[in-house]
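A, B, ... follow the sequence lines: proteins, then strands. Residue 1 opens every chain.
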Amino acid sequence: MPDKSTPAQGFQFTLSNLKPVTQPPKITVTFPDGNTREFPYGTTGLEIAKSISPSLAKRTVVMALDGVLTDLTDPIVQDARLEFVSRDDPRALELIRHDAAHVMAEAVQTLWPGTQVTIGPVIENGFYYDFFRNEPFTPEDFPAIEKKMREIIARDQPFTKEEWTRDDTRKVFEDKDERFKVELLEAIPADQSIKIYKQGDWFDLCRGPHMASTGKIGTAFKLMKVAGAYWRGDSNNPMLTRIYGTAFAKQDDLDAYLKQIEEAEKRDHRRLGRELDLFHFQEEGPGVVFWHPKGWTLFQSLVSYMRRRLDGDYAEVNAPQILDKVLWETSGHWEWYRENMFAAQSAGEEAEDKRWFVLKPMNCPGHLQIFKHGLKSYRDLPLRLAEFGVVHRYEASGAMHGLMRVRGFTQDDAHVFCTEAQLAEECLKINELILSTYSDFGFGDIVVKLSTRPEKRVGSDESWDHAERVMATVLAEIEAKSGGRIKTAINPGEGAFYGPKFEYVLRDAIGRDWQCGTTQVDFNLPERFGAFYIDADGAKKTPIMVHRAICGSMERFTGILIEHFAGHFPLWLAPLQVMVTTITSEGDDYAKVVAAAARKAGLRVEIDLRNEKINYKVREHSLAKVPALLVVGKKEAENHTVSIRRLGSDGQTILPLDEAIAALVDEATPPDVKRAKGEA
RNA sequence: GCCGCAAUAGCUCAGCCGGUAGAGCACAUCAUUCGUAAUGAUGGGGUCGGGGGUUCGAAUCCCUCUUGCGGCACCA
């Protein structure tokens with residue numbers, strides 16, 4: 001998947017390289033079928049295509065020279081593998097979109113002269129172009145822009161490439177008052193040539209490649225949304241107005257994409273949260289969750305699972321919600337994390353205690369107090385303290401997003417106090433726990449990223465060098481042990497202010513990535529708080545502290561699960577597991593027997609004795625996504641059976657009551673509990 | 001926080017160029033006892049997000065605040 005923030009890459013060589021000292025008379029071109037042919041030096045791809053067949057030339061939009069997409073009109077100056085890429089080729093999609101971005105920019109500048117252009121890259125599902133204009137665009141402008149784009153495409157103007165000198169280019173853009181383009185020009189390294197792509201009278205500074213003409217873009221494109229975006233992604237820079245669009249080779253592909261967006265909206269956790277009555281937000285509590293009974297049941301299932309997985313290795317603790325500001329000064333939070341923190345004072349005007357208390361944004365200082373309380377021996381290490389700590393962070397108003405980004409959340413947090421010698425093993429142990437947890441929820445694709453020292457940080461460079469070295473070694477081991485299943489990456493400068501971290505990124509059912517787990521190695525906070533243990537030789541030593549979370553935010557993880565399962569939870573997580581209902585009121589007494597038996601077996605069950613038609617009740621409970629619907633009528637009562645209808649199936653099975661309950665109980669057993677039973 | 005958009009019944013939404021608020025679903029009551037995705041009838045429900053302004057008159061126009069949505073920036 002392309003990096004969202006990076007403009008499309010492609011064609012690399014430059015026209016200025018095309019003047020060889022000694023000019024070889026021929027070049028040899030190898031075609032995909034393995035055949036080779038000689039052509040005069042400098043023959044263009046288009047000429048070769050034409051020499052093979054006019055229809056090939058017509059069909060081809062770009063060539064791949066040794067695998068690199070290159071303008072068809074570029075002369076070929078060395079032996080190469082040559083492949084003609086047609087418009088239907090997946091590789092052409094990037095060009096269709098990139099060309100569409102240029103056409104959109106032309107359309108916008110034609111409609112609103114004076115608008116300045118900046119950059120217009122291809123992104124994962126389309127393209128965008130950032131403009132500078134005092135009056136921002138709105139979606140109401142889309143029809144006009146799209147109409148103009150259609151005109152430009154219908155004109156089928158060739159994309160032509162020119163190489164300009166730096167000075168000329170600067171002058172041209174300065175004359176047009178395109179100050180952003182001038183800035184981009186100045187950022188191009190001196191050894192690179194300046195390429196301009198023209199379509200009719202319109203031109204843009206661009207590295208290419210492009211297709212032969214605007215007509216190749218086709219009509220399967222659509223403008224999607226407008227948004228503000230900072231120039232060069234820096235919030236100190238001016239705000240540009242960005243128009244997002246998408247384009248496909250065929251209308252069917254565009255329709256399928258729009259359909260897919262619609263489907264993704266249906267599993268949006270905010271929507272399902274309302275529909276399934278799981279939680280809500282309201283104005284008076286921006287970014288804090290009101291959990292409803294069903295949502296809280298789901299949340300607690302998750303917490304119980306995580307608590308079981310502490311598994312005797314960790315001791316669970318609970319540290320205070322608010323603590324004197326001085327503690328946060330000691331930790332460095334007051335200096336480095338202050339804009340994210342809530343602080344409180346007594347609201348009483350006559351209160352004698354005027355100290356500021358900080359609502360904890362992290363659990364680590366609290367756990368350090370617990371570690372420090374009483375003398376610790378090296379024999380106590382590693383000491384692993386876990387807490388389902390509720391933390392509050394003041395998030396920027398625009399950052400909030402349902403359960404995914406909130407101001408108050410529960411972390412499945414733990415801190416491991418250990419010695420240097422124990423560090424690598426502790427990291428690997430945490431790694432195993434994280435991976436096995438994700439796999440229990442059905443997440444397979446995991447990326448582990450190592451985030452290194454940020455600019456704002458505490459501690460000496462030596463301690464950072466050391467921590468990063470240890471973690472790089474562990475990362476290599478994680479990758480090696482996974483047998484290729486786990487991918488790894490480096491995230492420079494993204495570490496926490498007190499230490500480098502591993503970030504675990506999982507991919508959900510519809511291909512979105514979520515950063516959840518984290519392991520942070522901290523050589524700083526224990527020292528800042530004066531934490532120590534007595535080593536074997538009787539000397540005081542400072543422990544290393546490893547911060548670790550698996551779900552990260554339990555709220556976010558719940559949100560991810562809602563979307564991952566589209567509200568159709570596996571039985572062990574479903575808030576309501578079983579609904580018992582009747583055909584007619586004749587079945588009421590037996591339904592009560594069934595519900596009581598299911599409840600006694602530990603299932604979460606409700607009973608629906610309403611005098612409604614069975615069709616109506618089936619529909620209602622299906623929409624509520626209840627996993628198992630037990631319908632009982634006269635027959636079931638007589639035979640002591642139940643009719644089971646499972647969510648997502650339109651048939652039903654009749655089973656003896658005991659058997660049905662035993663099967664449901666087995667299915668409702670959490671995966672970790674099943675594993676433990678299997679081992680016993 | 002920044003740019004844009006939005007806020008009308010529990011939910012989804014209509015309400016034009018300012019003239020005093022509507023639908024479907026949900027809910028309640030009554031009738032209906034029905035074998036696996038909507039039975040019918042009747043009824044209740046709104047300071048049109050808050051505040052201010054323009055106007056004879058504001059859901060509608062303007063200002064402002066709050067919250068949400070889409071991005072950006074930030075991030076668990």
A.B. asks: Can you measure A/R274 atom CZ to B/A9 atom C1' for me and round it to whole angstrom units?
C.D. replies: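 The answer, rounded to whole Å, is 15 Å.
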A.B. asks: Test for a donor-acceptor pair under 3.5 Å between the base of B/G49 and the side chain of A/Q282, counting only N and O atoms.
C.D. replies: no
A.B. asks: Given that both distances must come in under 3.5 Å, which nucleotide forms a Watson-Crick or G-U wobble pair with B/G4?
C.D. replies: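 Paired with B/G4, as far as the under-3.5 Å criterion goes, is B/C69.
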A.B. asks: For the pair A/E620 and A/R610, evaluate salt bridge (Lys or Arg N to Asp or Glu O under 4.0 Å) and give the outcome as yes or no after the intermediate values.
C.D. replies: CA-CA 12 Å; A/E620 220 173 51; A/R610 287 175 307 167; 2.6 Å; yes
A.B. asks: When you measure from the side chain of A/L623, which nucleotide among B/A37, B/G68, B/A73 comes out closest?
C.D. replies: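 Looking only at heavy atoms from C-beta outward on A/L623, the closest nucleotide is B/A37.
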A.B. asks: Taking atom types as they are modelled, is there a donor-acceptor pair under 3.5 Å from the base of B/A73 to the side chain of A/R232?
C.D. replies: no
A.B. asks: When the P atoms of B/G15 and B/C30 are compared, how many Å lie between them, rounded to an integer?
C.D. replies: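 Their P atoms lie roughly 38 Å apart.
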A.B. asks: Quote, to the nearest angstrom, the P distance that separates B/C2 from B/A76.
C.D. replies: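 After rounding to an integer number of Å, I get 23 Å for this pair.
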A.B. asks: On the 0 to 90° scale, with breaks at 30° and 60°, tag the A/Y129-A/F131 ring pair as parallel, tilted or perpendicular.
C.D. replies: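 Taking A/F131 first and then A/Y129, their aromatic rings lie parallel (interplane angle under 30°).
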A.B. asks: Taking syn as any angle within 90 degrees of 0 and anti as the rest, which one fits B/C27?
C.D. replies: anti
A.B. asks: In whole angstrom, what separates A/M404's CE from B/G71's P?
C.D. replies: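 The answer, rounded to whole Å, is 13 Å.
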A.B. asks: Once hydrogens and angles are ignored, does a donor-acceptor distance under 3.5 Å link the base of B/C75 to the side chain of A/R393?
C.D. replies: no
A.B. asks: Side chains of A/T410 and A/E555: is there a donor and an acceptor less than 3.5 Å apart?
C.D. replies: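 A/T410 vs A/E555: donor-acceptor pair found between side chains.
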A.B. asks: Aromatic ring centroids of A/F557 and A/F441 under 6.0 Å?
C.D. replies: yes
A.B. asks: Any strand is fair game: report the nucleotide pairing with B/C16 by Watson-Crick or G-U wobble, both distances under 3.5 Å, or none.
C.D. replies: none
A.B. asks: Could you tell me how the ring of A/Y498 sits relative to the ring of A/H333: parallel (under 30°), tilted (30 to 60°) or perpendicular (over 60°)?
C.D. replies: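 Correct class here is tilted.
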A.B. asks: What contact category does A/K613 fall into here, base, sugar-phosphate, or nothing, at under 4.0 angstrom with non-hydrogen atoms?
C.D. replies: base
A.B. asks: Looking only at atom C1', what distance separates B/G49 and B/U32, rounded to whole Å?
C.D. replies: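 Comparing C1' positions in B/G49 and B/U32 gives a spacing of 42 Å.
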A.B. asks: Identify whether any heavy atom of A/N615 sits under 4.0 Å from a base atom; if not, whether one sits that close to sugar-phosphate; answer base, sugar-phosphate or nothing.
C.D. replies: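 Sugar-phosphate, no base atom in range.
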A.B. asks: Roughly how many Å apart are B/A9 and B/C48, using the P atom of each and rounding to a whole number?
C.D. replies: 10 Å
A.B. asks: Determine the contact category for A/S643: base if any of its heavy atoms lies under 4.0 Å from a base atom, sugar-phosphate if only primed atoms, P, OP1 or OP2 are that close, otherwise nothing.
C.D. replies: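 Base contact - A/S643 has a heavy atom under 4.0 Å of at least one base atom.
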A.B. asks: Answer with base, sugar-phosphate or nothing: what part of the nucleic acid does A/E395 contact at a heavy-atom distance below 4.0 Å?
C.D. replies: base
A.B. asks: Any donor-acceptor pair under 3.5 Å between the side chain of A/N340 and the base of B/C75?
C.D. replies: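 Answer no: no donor N or O sits under 3.5 Å from an acceptor.
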A.B. asks: Answer with base, sugar-phosphate or nothing: what part of the nucleic acid does A/F409 contact at a heavy-atom distance below 4.0 Å?
C.D. replies: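 Since a base atom lies under 4.0 Å of A/F409, the category is base.
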A.B. asks: Test your reading of the model: is there a side-chain donor-acceptor pair from A/Q109 to the backbone of A/G114, 3.5 Å cut-off?
C.D. replies: no
A.B. asks: Take atom CG of A/D277 and atom C1' of B/C27, then tell me their distance rounded to the nearest Å.
C.D. replies: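 Taking CG of A/D277 and C1' of B/C27, I get 14 Å after rounding.
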A.B. asks: For A/Y244, which contact category applies under a 4.0 Å heavy-atom criterion: base, sugar-phosphate, or nothing?
C.D. replies: sugar-phosphate
A.B. asks: Is there a donor and acceptor pair, one atom on the side chain of A/R405 and one on the base of B/C75, closer than 3.5 Å?
C.D. replies: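 By the distance-only test, yes, there is a pair.
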A.B. asks: Using a heavy-atom cut-off of under 4.0 Å over every strand shown, decide if A/K635 touches base, sugar-phosphate, or nothing.
C.D. replies: base
A.B. asks: With a 3.5 Å limit on both atom pairs, tell me what B/U55 is paired to, counting Watson-Crick and G-U wobble, or say none.
C.D. replies: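 Partner of B/U55: none found under 3.5 Å.
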A.B. asks: Whole angstroms only, please: what is the OH-P distance between A/Y504 and B/C75?
C.D. replies: 20 Å
A.B. asks: For a quick check of understanding: with a heavy-atom distance under 4.0 Å over all strands, which category does A/R270 fall into, base, sugar-phosphate or nothing?
C.D. replies: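 Since only primed, P, OP1 and OP2 atoms lie under 4.0 Å of A/R270, the category is sugar-phosphate.
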A.B. asks: Base, sugar-phosphate, or nothing for A/M400, non-hydrogen atoms under 4.0 angstrom?
C.D. replies: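 Sugar-phosphate, no base atom in range.
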A.B. asks: With both distances under 3.5 angstrom, what nucleotide forms a Watson-Crick or G-U wobble pair with B/A37?
C.D. replies: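 Across any shown strand, B/A37 pairs with none.
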A.B. asks: Does A/K501 have a side-chain nitrogen or oxygen under 4.0 Å from the phosphate oxygens OP1 or OP2 of B/A76?
C.D. replies: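 Yes.
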A.B. asks: What does A/V406 touch in the nucleic acid at a heavy-atom separation under 4.0 angstrom: a base, only the sugar-phosphate, or nothing?
C.D. replies: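 It contacts base atoms.
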A.B. asks: NA contact type, A/A229, heavy-atom cut-off 4.0 Å: base, sugar-phosphate, or nothing?
C.D. replies: sugar-phosphate
A.B. asks: Carefully, step by step, assess A/Y314 and A/L385 under the rule side-chain contact (heavy atoms from CB on, under 4.5 Å).
C.D. replies: CA-CA 6 Å; A/Y314 292 81; A/L385 300 181; over 6 Å; no
A.B. asks: Base, sugar-phosphate, or nothing: which does A/E636 touch, judged by heavy atoms less than 4.0 Å apart?
C.D. replies: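 A/E636: base contact, heavy atoms under 4.0 Å.
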A.B. asks: Starting at atom CD1 of A/I261, determine the distance to atom P of B/C69, rounded to an integer number of angstrom.
C.D. replies: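 Rounded to the whole Å, the gap is 18 Å.
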A.B. asks: Would you mind telling me which of A/F290, A/F388, A/W291 makes a ring-ring contact (aromatic ring centres under 6.0 Å, His included) with A/F299?
C.D. replies: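 Passing option: A/W291.
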A.B. asks: So which nucleotide does B/C25 pair with, by the Watson-Crick or G-U wobble rule with both distances under 3.5 Å?
C.D. replies: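 In the structure as shown, B/C25 has B/G10 as its Watson-Crick or wobble partner.
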A.B. asks: Name the residue closer to the 5' end of RNA chain B, choosing between A/K225 and A/E283 according to the nucleotide with the nearest heavy atom.
C.D. replies: A/E283
A.B. asks: Say we look at B/U47 and B/U20: how far apart would their C1' atoms be, to the nearest angstrom?
C.D. replies: 13 Å
A.B. asks: Grab the CD-P distance between A/E135 and B/G4 for me, whole Å please.
C.D. replies: 9 Å
A.B. asks: If you measure from the P atom in B/A28 to the same atom in B/U64, how many Å do you get, rounded?
C.D. replies: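 About 44 Å, rounded to a whole number of Å.
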A.B. asks: What nucleic acid atoms does A/Q515 come within less than 4.0 Å of, heavy atoms only: base, sugar-phosphate, or nothing?
C.D. replies: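 It contacts sugar-phosphate atoms only.
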A.B. asks: Mind checking the C1' distance from B/U54 to B/U60? Whole angstroms is fine.
C.D. replies: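 Their C1' atoms lie roughly 13 Å apart.
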A.B. asks: Could you tell me whether A/S397 contacts a base, only the sugar-phosphate backbone, or nothing, with contacts defined as non-hydrogen atoms closer than 4.0 Å?
C.D. replies: base
A.B. asks: Under the side-chain hydrogen bond (donor to acceptor under 3.5 Å, both in side chains) criterion, do A/Y305 and A/R307 qualify, and how do the steps go?
C.D. replies: CA-CA 5 Å; A/Y305 169 87; A/R307 185 169 274 135; over 6 Å; no
A.B. asks: When you check the phosphate oxygens OP1 and OP2 of B/G70, does a side-chain N or O of A/H401 lie under 4.0 Å from one of them?
C.D. replies: yes
A.B. asks: Taking for each residue the nucleotide of RNA chain B bearing the nearest heavy atom, is the 5' side occupied by A/S585 or by A/E494?
C.D. replies: A/S585
A.B. asks: Say we look at B/G18 and B/U12: how far apart would their C1' atoms be, to the nearest angstrom?
C.D. replies: 27 Å
A.B. asks: After noting the C-alpha distance and the side-chain angles of A/E426 and A/R384, does the key distance pass the salt bridge (Lys or Arg N to Asp or Glu O under 4.0 Å) rule?
C.D. replies: CA-CA 10 Å; A/E426 288 302 316; A/R384 308 185 190 94; 2.9 Å; yes
A.B. asks: Please determine if a side-chain N or O atom of A/R133 lies less than 4.0 Å away from the OP1 or OP2 oxygen of B/C3.
C.D. replies: no
A.B. asks: Is it the case that the base of B/G71 and the side chain of A/Y230 share a donor-acceptor contact (distance under 3.5 Å, atom types as modelled)?
C.D. replies: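 There is none.
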A.B. asks: Grab the NZ-P distance between A/K617 and B/U36 for me, whole Å please.
C.D. replies: 13 Å
A.B. asks: Rounding to a whole Å, what distance do you find between A/D234:CG and B/G71:C1'?
C.D. replies: 17 Å
A.B. asks: Any N or O donor-acceptor pair under 3.5 Å from the base of B/U33 to the side chain of A/E586?
C.D. replies: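 In this structure, the two groups form no donor-acceptor pair.
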A.B. asks: Side chain of A/Y616 only, heavy atoms from C-beta on: which candidate in B/A26, B/C75, B/U67 is closest?
C.D. replies: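 In terms of side-chain proximity for A/Y616, the closest of B/A26, B/C75, B/U67 is B/A26.
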